[in-house]
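First comes the structure, then the notes that go with it.
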Amino acid sequence: MLLERDELTSGSTWHAAGLLPLFNMGYATSHIHDYSVKFYKTLEDETGLNAGFYVVGNLRMAQTQARMDEYMLYASTAETVGIPYEWLTPDEIKARWPLVRTEDLKGAIYHPTDGYINPADVTMAMAKGARQRGVVIERKWQVDGYAWAGDHWDVTCTKMVEKGGNLVPSDETVVDAGRARGHRDRQPCAAHRADAGDQDARDPGRASVYRDRTRPRAGRVAQVERRAPGPARCRRQVVRARGTRRLDPRPLRTGRARAVRIRRARQFPRRSLPARPRTDRGGIHVDDPPHSVFGDGGSEGRFQRPDLLHARWQPAGRARAGAQEHVAGRRAFPSGSPPPAARDTTSRR
Amino acid sequence: MMVDGEAEIDMASLDPKRYGPWMTTEYAARKNEECYSHVFILHHPDEEREACRPLRTGPAYDRQKALGAQFGQVNGWERPNYYGPKDAPETFRPRRAILSARRLVAICQGRGRGHPHRRRPDRRDGLHQAPRARAGGHRVSRSLHLQQAAQGGAHQPDLRADEPRHDAHGIHHRALGENEYYLVSAGAWTAYDADFLMKSAEDMGSGGGWVDIHDVTTQWGVFAIAGPKSRDVLREIVKDADPDTVLGNKRFPWLSMREIELGMCPVRAIRVAYTGELGWELHHPIEMQAYLWDQLMAAGEKHGMKLVGARAQNWLRQEKSYRAFGTELGRDATPLEAGLDRFVDLDKEFHGKAKMVETGVRFKCVTVLIDGPEDADPWGREGLFADGQKVGRLTSGGYSVAFGKQIGMGYVAPEHAEVGRKLKVRMFRELWDAEVVEDSPYDPTNAAIRVDG
């Protein structure tokens, strides 16, 4: 099972250039690169998805002898791993790539098996291949922690929801014990019950802890179980949160377009958009941007677990201060200025 | 498989455990930024990067710096790489200091990790089982050291505190008491070894007894003093009823540990030297390091003592064919391939034995002397060739002052491993002559190490 906090490719993949250079000074790293290139070549056969892999070769040019010496170090590592390379003189560089000005070049190292790949496509192809082999990919689950419990892993996760265009943690938390699909006879784990009890005392919205005796493996499916319900209002909130449609009318984009959007979102934060009238939204405001929880006036009935959510958005000290201000009926945050944590999640769209 | 807790290839150089609990967010962020700014710069072999330094320093740091120490960062610690001018020409090689180490006496600073490792008396084989429980076939080469520690403890019931227990490479270990051990790990791999120890202790479960493991890395510093005159230097400051004999072979044999007093500093002295000379590792309470440094420097002055750093140590140990973890030793080679046969008792059962025997000997660890280029030494990434075919690779490289040529250690196919075999090593696009030499080409009988006095 693979747990993904957001959507696949929403992490570092979206800004990866997708270059596959095989030169390296490290023996282990070179092996990994070598393996990757060979693996990508088999990916389309296995999954039917083209990962956008183009083996075009890679020309590293040197203007100084020191650079050439450096390339020779790369070459020695490549040689021990079995990665092919060639040395090119400036004339040979010109022959291979006529557009380059070679007068001030000492030479180049050429790796014929280098190439580039589309990072998003290769991710999706790998995801498909994994699914074909029985892996389940669960999205919108943030892994908060994991611990080896002797014979299995306990993985603590939080369901992520979209609120007001931000990906935020809900208060739905499970501890998954890497169960095989279909097992219903889970037992609370004695070793963890005390912890869970503590947690529940502090935070009644948290899940109970379960365990089983199987070790998580590719192909095993974790049973993601709704946590024990908290207060009724809280549960409603979760249900609503899961049903929330995307509030952003702009089409969902991936890859570079997505990067552009995120950049734009940073330039023109959502807080500059006019707030919609409060009356439109009914009683439960799961789609509120987090900073409006204590925000612009009229807060009664808006947020049932301020202690919980607030703790997520702010360091503890500020949370207390905010709560006091909330009681006093003042703005916890200057309008238009979300707390720092909320800013972080903005960029996680 | 990764999901079973092990990678298929040697990932030690990328293992998160090469850091320790001293790591902070700020450190990670600044080092990360440094990586980005370094992407396109020219990378030198063994480069030392500047971000977040100095961070972990011993009390003698300022004294060393004043004497020209050029530091490298190992696991966050500042450790002298060599003593000399920073703007030294490219041809600079600290060979004079090395000659001192061979001919006179030299001191360098290491930083090991001690694990006083206690066992309960009713659990004689506790330490013995700890590594066995954990040492999957993948990691036999590493665990073997612990294995040795364990076997030493388990099969010699009348263990005395000063009795030598030594594995020659990697983790040294010494018995402090009947059920107490002091393990010395490499400075770069403390978290790695600690992880192994802790998990091994955990895996023992409730099988009886307990193992108490303490990380005393930040409580004990280490200076290594080595060279033919090191005994004379120590004799100047050692406090003993009979200072003339306390360091002699009878009272302080090779590979043994003793508690001695140097001036007012209590020292756990271990008679080993990674450089292959008469020498001691001086494990001292870290708060007395500056005092001990001053004592040693004063005592060494009239004996012509020189300071050397880790680079010199790395070259010298190759002349003795001492394997190092992270280069020769790792998960890619079994103990038999690494030439640690004398530490492997195939008559006994141990975890990983079947896998090791099944793997066989795919390649052998060899030491080679190289007639390389004038202005460069191998650094342990080069390919080894015979008859135009690649037959192996170097894992360490350097310059041997004793032989006046480049030296390296590496792995080659077994048929090319015999002594005297002529090989080629590729450096800077050219093939250079190399010859396989016997293990420990310098002082193969260890006469210099065992010398009495």
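Note on naming: letters A, B, ... go to the chains in the order of the sequence lines (proteins, then strands), and numbering restarts at 1 for each one.
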Value for CD1 (A:Ile32) from CG (B:Leu14), rounded to nearest 0.5 Å, stands at 5.0 Å
Is it true that atom NZ of B:Lys422 has more than 12 heavy atoms of other residues, nucleotides or ligands lying nearer than 6.0 Å? no
ask   = Can you check side-chain contact (heavy atoms from CB on, under 4.5 Å) on A:Met68 and B:Phe428, steps first, answer last?
value = CA-CA 9 Å; A:Met68 284 302 282; B:Phe428 297 98; over 6 Å; no
Tightest non-hydrogen contact, residues A:Ser76 and B:Glu382, listed as CB-CA, 4.1 Å
Sorted by chain and number, sequence neighbours left out, side-chain contact (heavy atoms from CB on, under 4.5 Å) with B:His416 holds for B:Ala386, B:Val391, B:Val412, B:Ala413, B:Arg421, B:Leu423
message: Tell me whether A:Tyr35 at atom OH has more than 12 heavy atoms from other residues, nucleotides or ligands lying less than 6.0 Å away.
response: no
Result for salt bridge (charged side-chain N to carboxylate O under 4.0 Å, His left out) between A:Glu79 and one of B:Arg381, B:Arg429, B:Arg426 points to B:Arg426
Expected contact set for residues 38-47 of chain B against chain A at heavy-atom separation under 4.5 Å reads B:Phe40, B:Ile41, B:Leu42, B:His43, B:Pro45
Sorted by chain and residue number, the side-chain contact (heavy atoms from CB on, under 4.5 Å) partners of A:Val143 (sequence neighbours excluded) come out as A:Leu3, A:Tyr146, A:Val155
Under 4.5 Å to a heavy atom of chain A? For B:Tyr411 that would be neither
- Query: Does CZ belonging to B:Arg362 count more than 12 external heavy atoms closer than 6.0 Å?
  - Reply: yes
Look at atom CD of A:Gln65 and say whether more than 12 heavy atoms of other residues, nucleotides or ligands are closer to it than 6.0 Å. yes
Self-check item: Close side-chain approach of B:Thr395 and A:Tyr27, heavy atoms under 4.5 Å
Solution: no
Among residues 83-96 of chain A, residues within the sub-4.5 Å heavy-atom range of chain B, in order of number, are A:Tyr85, A:Trp87
If one checks every heavy atom of A:Tyr71 against chain B at 4.5 Å, the contacting part turns out to be neither
Turns out that what part of A:Ala66 lies under 4.5 Å from chain B's heavy atoms comes down to both
